Undergrad: 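My structure is below; once you've seen it, I'll send some questions.
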Amino acid sequence: MFAGWGRFVYRNRWATLIGSGVLLATSVVLLMMGGTLTSGGPLTSNLQSARAGNLITSELGVAKVTSNFDLIFRSDSLTVTDPQYQAAVADALAPIQGDPRISKLVSPYNAPNTTVAQAFTSKDGHEALVSVELTSSGQQAWKDYDDMRGKVHSSTLAVTGTGFVAINQAFNKTLESDLQRAETVTLPVTLILLVLIFATIVAAGLPLGVGILTIVGGIGGTFFLNRFTDVSQYALNIVTLIGLGVSIDYSLFIVNRFRDELARGQNREDAVATTMATAGRAITFSGLTVAVGLSAMLFFQGTFMASMGAAGAIVVAVAVLYALTFLPALLAVLGPRVNRWRLPFMRGRTSGGGFWSALATWVMKRPIVVLVPTVAFLVIAATPFLQLRLANGNVDMLPTHIEARQGYDRLVADFQGQDQTTFNIVVNYPDGSPLTASRIADQYALERRIASIPGVLHTSSIYDLDPNLGLSEYTQLYTGDPNNLPQPVRQLMSSTVGKHVVLIQASTNAEISSNTARDIVKAIRADRAVTDGSVLVGGATAIDVDVIQFIYDQVPLAVGTVVLVTYVLLFLLTGSVVLPLKAVVLNFLSIGASFGALVFIFQQGHFANLLGFTPQSLDPSIPVILFSIVFGLSMDYEVLLVSRMHEEYVRLGDNTAAVASGLEKTGRLITGAAAVMFTVFMAFGLAEVVIIKAIGIGLAIAVAIDATIVRSLVVPAVMRLLGEANRKPPPGGYAADLPGERGREGGGWSPVVRRRWTLLLCADPQVTGAVRLVWDGSRLAFRPGRGLHPPDSVRAGLRTAISAVRRLGPGLSRGRGWPASVVRVVGAVARNWIPARRNSPDGGLTGAAPLRQAGPPGAPPSGFARHLPMEWEDSQ
């Protein structure tokens, strides 16, 4: 199929290039149209903390403040109460005073009461906090903040901007700069690596060009996706990271194989066909495995990871599409000119030298001695992952030199109460009013129990008006005539009591994601004393707990599905039940080691100064994203390596020699591809946002481990120990359509047959081609005949063929089902076959004495000529 596709692309190369140009133009249009990416809030799913927040919004009319920013003024000599200080603040704010884009501006000098004024003054009295609420939201709020922040300055006071809008804008700007930095570093370094791999400028430029096209297509596809669903602002970085890596990798495999085929003397069409049948087939399966890996993120609906998984799948599809269409069409046009502009003093070898063969041979002579310490090392490297601690990322993911991060750190450290964590406890009664006597008693008791939880500083609700009031007084107050309530009580109730809910707030000085804060949430949720209502806990810590639990709950299903589908894909590729299992196990070794490195570096803080980040708990999205990408990408080298080892096994007929030769022939290519991948990922490791830095470095470590330790030591050792079991088919004899498969001929091995031949069997002379027996070099399998044939004729053809086979070898073993029987029987009696002669006058074949080779080059021998009409057809 892939060879046929290669010939189709060759014959329609100019039309294919035009179609690729149309796809590029469409991508550019989508990219220029852009989209509105979200800040990637951690939770929109139906978890308890989300339900609590929704009730607060719907019942109490309290919306989450998402369009505010803070300005912090500081003087080392003056205090906030000094007239000069107040005058300096007024002068600094004068350019934005009365701005219609501001809905509310609060400072220590216009605070509604002394409590607020005190909260807006730092502990040392030298800093003043000004809170500004905007009428705009989203990206417009970012623009408004930029404009206003530029107008606020003072010659007397230092001014720092922070707050929700400032922090989110800082994330957006930093992500953009991270993306630009990665592209600036990656493209020239990658070009240098490709030149070293190919030794010619033209060949080196092709993968890089396809990589750029893929990025444009991936980003355009992401903006198109944004028209149907929210997409995280992290998506563009992930799309670029994945797209650049896989597209260059795939293109490298395609260009390398095309050059090899030209060097063997094939013409352009045959070279393209063979390239598609080998490298094209490999990258198609690789792309499918990468897409399957990325689909793991789709199991986390309600988080920004779902959109990132979809965007990643889009860019992988674009990479495979360009690699199977644009690139072979361009190679068909270029032909031998792909080797133009060769660098002097470089031979441009595309297969490994003796090093990889010697290393593999050395390993396979002592597989246990190599395998045990190597696997032990990888397991030990993974052990830090056992200490994994997850927490939703916050402003700590920004570098410390960013103004919004600096302002946030000062706000938390210098202002009273800003370091406290608030829990929103919603007591919900769906069937009626919350202010009945019995319900008031439950709420009153609940608040007192919450206040007694270790770590809780204080609570706040409608039951804290006066410490001298008790339950009976509150019951009498809230069950009486609402018109008799004092005005301050009415104001409090408007923000804490709804038609069905009552809000109780609790505070602690523990950090949001600390164990103390999490224990408080768990203790409140464990309280079941509200008889006819439900207690929901919201707030940042509750969201943190809920998201992490949601991740843990979904991981088994996501990982299990990805592993199962990947196994099936690799089985379809290899026809073996053992090789896919080996690939999955080795994948987990690579992933485990990279996860251990993540915890060692980013959570435990090793190399923090060198890499420029604040040590912190890992965001729960990082392991999920890393697994989704690594599990698919690791199959790149597995597919290429297994395919080449299979070809060498066909040629040599010996498992040990095939492994050594396969590693030798792919050594230079895989090393170069891994170097490109490592460069791309490490360029993103230079990012300043911790989540992107962690993913980039984690991927780089995984690729390095996979392409060195796993490939050079673990794979040859395991394949040596498994021996012939590597190619063990499942019961029933599934035959994978692999190029270069070989079949037994007596006790030896026949030469490589890369062309596929089809034996047309006849039920009778009137029904030509009712059944086709396909020979791919080693196995025979039945296929339906060309055209429309009556079912009875197909069955008759099968019966006739089986009868003929049995006459060839009496007493031979029988398999399960007709096709398997024929495949096994014919494979066993291959030594009795005689050569084929095409187009005999009687519509069949005439046989002479048994010969080893006759007919067209590469044609399989035939033993059916004595028993039924047939003919061989070159179906390549």
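Count residues from 1 along the sequence. No hydrogens, no waters, no symmetry mates; every other heavy atom, side chains included, goes into these values. This structure is a prediction, so every number in the text was calculated from the model and none was measured.
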Undergrad: Is it true that a side-chain atom of Thr566 and a backbone atom of Val563 form a donor plus acceptor pair closer than 3.5 Å?
TA: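 No, because the side chain of Thr566 does not come within donor-acceptor range (under 3.5 Å) of the backbone of Val563.
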
Undergrad: Decide yes or no for Val290 and Leu294: does some side-chain heavy atom of the first lie under 4.5 Å from some side-chain heavy atom of the second?
TA: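 Answer yes - side chains close enough.
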
Undergrad: Identify all side-chain donor-acceptor contacts of residues 680-700 below 3.5 Å with residues at least two apart in sequence or on another chain.
TA:
residue: Glu688; atom: OE2; partner: His401; partner atom: NE2; Å: 2.7
residue: Lys693; atom: NZ; partner: Leu611; partner atom: O; Å: 2.9
residue: Lys693; atom: NZ; partner: Gly685; partner atom: O; Å: 3.3
residue: Lys693; atom: NZ; partner: Ala687; partner atom: O; Å: 2.7

Undergrad: I'd like to know if the side chain of Trp5 and the backbone of Leu324 have a donor-acceptor N/O pair within less than 3.5 Å.
TA: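 Yes, Trp5 side chain to Leu324 backbone: donor-acceptor pair under 3.5 Å.
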
Undergrad: I'd like to know if the side chain of Thr186 reaches the main chain of Glu183, judged simply by a donor and an acceptor atom lying under 3.5 Å from each other, with no hydrogens or angles considered.
TA: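 No, the answer is negative, given that no donor and acceptor are paired below the 3.5 Å cut-off.
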
Undergrad: For the backbone of Gly243 and the side chain of Thr214, can you confirm whether one donor and one acceptor N or O come within less than 3.5 Å of each other?
TA: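 Checked: no pair found.
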
Undergrad: Measuring from atom CD1 of Ile254 to atom CD1 of Ile283, what distance do you get when rounded to the nearest 0.5 angstrom?
TA: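 Rounded to the nearest 0.5 Å, the CD1-CD1 separation comes out at 4.0 Å.
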
Undergrad: On a heavy-atom basis, which atom in Val545 and which in Arg518 lie closest, and how many Å separate them?
TA: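 Closest heavy-atom pair between Val545 and Arg518: CG2-CG, 3.8 Å.
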
Undergrad: Nearest 0.5 Å please: distance from the CD1 atom of Ile551 over to the CG atom of Leu390.
TA: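 It comes to 8.0 Å.
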
Undergrad: Is a donor on one side and an acceptor on the other found under 3.5 Å between the side chain of Ser514 and the backbone of Ala510?
TA: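 Looks like no, no N/O pair under 3.5 Å.
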
Undergrad: Measure across Asn392 and Pro620 and return the closest heavy-atom pair with its distance rounded to 0.1 Å.
TA: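 In this case the closest contact between Asn392 and Pro620 is OD1-CG, 3.5 Å.
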
Undergrad: Any chance you could measure Phe223, atom CZ, to Ile314, atom CD1, to the nearest 0.5 Å?
TA: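 So the CZ of Phe223 and the CD1 of Ile314 are separated by 12.0 Å.
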
Undergrad: Taking the side chain from Ser628 and the backbone from Ala296, do they hold a donor-acceptor pair closer than 3.5 Å?
TA: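 No, Ser628 side chain to Ala296 backbone: no donor-acceptor pair under 3.5 Å.
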
Undergrad: Please tell me if the side chains of Ser590 and Leu586 come closer than 4.5 Å, counting only heavy atoms from C-beta onward.
TA: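 The answer is no; the side chains never approach within 4.5 Å.
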
Undergrad: Aromatic rings Phe171 and Tyr234: how do their planes relate, parallel, tilted or perpendicular, breaks at 30° and 60°?
TA: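 Aromatic pair Phe171/Tyr234 classed perpendicular.
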
Undergrad: Kindly say whether Thr614 contributes a backbone atom to a donor-acceptor pair with the side chain of Gln616 at under 3.5 angstrom?
TA: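 Between the backbone of Thr614 and the side chain of Gln616 there is a qualifying donor-acceptor contact (under 3.5 Å).
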
Undergrad: To the nearest 0.5 Å, what is the distance between CG on Leu31 and OG1 on Thr26?
TA: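 If I round to the nearest 0.5 Å, the distance is 12.5 Å.
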
Undergrad: So do the side chains of Leu23 and Tyr322 get within less than 4.5 Å of each other, counting heavy atoms only?
TA: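 Side-chain contact under 4.5 Å: yes.
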
Undergrad: Indicate yes or no: at least one non-hydrogen side-chain atom of Val535 is less than 4.5 angstrom from one of Ile425.
TA: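 SC-SC contact between Val535 and Ile425 confirmed.
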
Undergrad: Suppose we call two aromatic rings close when their centres sit under 6.0 Å apart. Are His500 and Tyr429 close by that rule?
TA: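 When the ring centroids of His500 and Tyr429 are compared, they turn out to be at least 6.0 Å apart.
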
Undergrad: Can a donor-acceptor pair be found between the side chains of Gln604 and Gln387 at a distance below 3.5 Å?
TA: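 Their side chains do contain a donor-acceptor pair, which is all the 3.5 Å distance test asks for.
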
Undergrad: Please list, chain by chain and in numerical order, all residues satisfying side-chain hydrogen bond (donor to acceptor under 3.5 Å, both in side chains) with Ser513, sequence neighbours excluded.
TA: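 With sequence neighbours excluded, Ser513 shows a side-chain hydrogen bond (donor to acceptor under 3.5 Å, both in side chains) to Glu511, given in chain and number order.
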
Undergrad: How many angstroms lie between CD1 in Ile622 and CE in Met397, if you round to the nearest 0.5 Å?
TA: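 Separation between the atoms: 7.0 Å.
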
Undergrad: Can a donor-acceptor pair be found, under 3.5 Å and without considering hydrogens, that links the side chain of Asn587 to the backbone of Phe631?
TA: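 Yes, because the side chain of Asn587 sits within donor-acceptor range (under 3.5 Å) of the backbone of Phe631.
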
Undergrad: Is a side-chain donor or acceptor of His606 paired with a backbone partner of Ile601 at a separation under 3.5 angstrom?
TA: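 No; judged by distance alone, with no hydrogens or angles, the pair does not exist.
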
Undergrad: If the condition is salt bridge (charged side-chain N to carboxylate O under 4.0 Å, His left out), which residues does Arg525 pass it with, not counting sequence neighbours?
TA: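 Here the qualifying residues are Asp546.
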
Undergrad: Report the C-alpha distance between Val578 and Phe571 in whole Å, list the side-chain angles of each, state the deciding distance to 0.1 Å, and finish with yes or no for side-chain contact (heavy atoms from CB on, under 4.5 Å).
TA: CA-CA 9 Å; Val578 176; Phe571 167 72; over 6 Å; no

Undergrad: To the closest 0.5 Å, what do you measure between OG (Ser247) and CD1 (Ile215)?
TA: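 Spacing of OG (Ser247) from CD1 (Ile215) equals 6.5 Å.
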
Undergrad: With heavy-atom distances below 4.5 Å as the criterion, would you say the side chains of Ser295 and Leu298 are in contact?
TA: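 Side chain of Ser295 against side chain of Leu298, heavy atoms only: contact under 4.5 Å found.
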
Undergrad: For the side chain of Gln603 and the backbone of Arg389, is there at least one donor-acceptor N/O pair under 3.5 Å apart?
TA: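 Pair found, side chain donor or acceptor close to backbone of Arg389.
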
Undergrad: Return yes when atom OH of Tyr567 has more than 12 non-hydrogen atoms of other residues, nucleotides or ligands closer than 6.0 Å, and no otherwise.
TA: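 More than 12 heavy atoms, drawn from other residues, nucleotides or ligands, come within 6.0 Å of this atom.
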
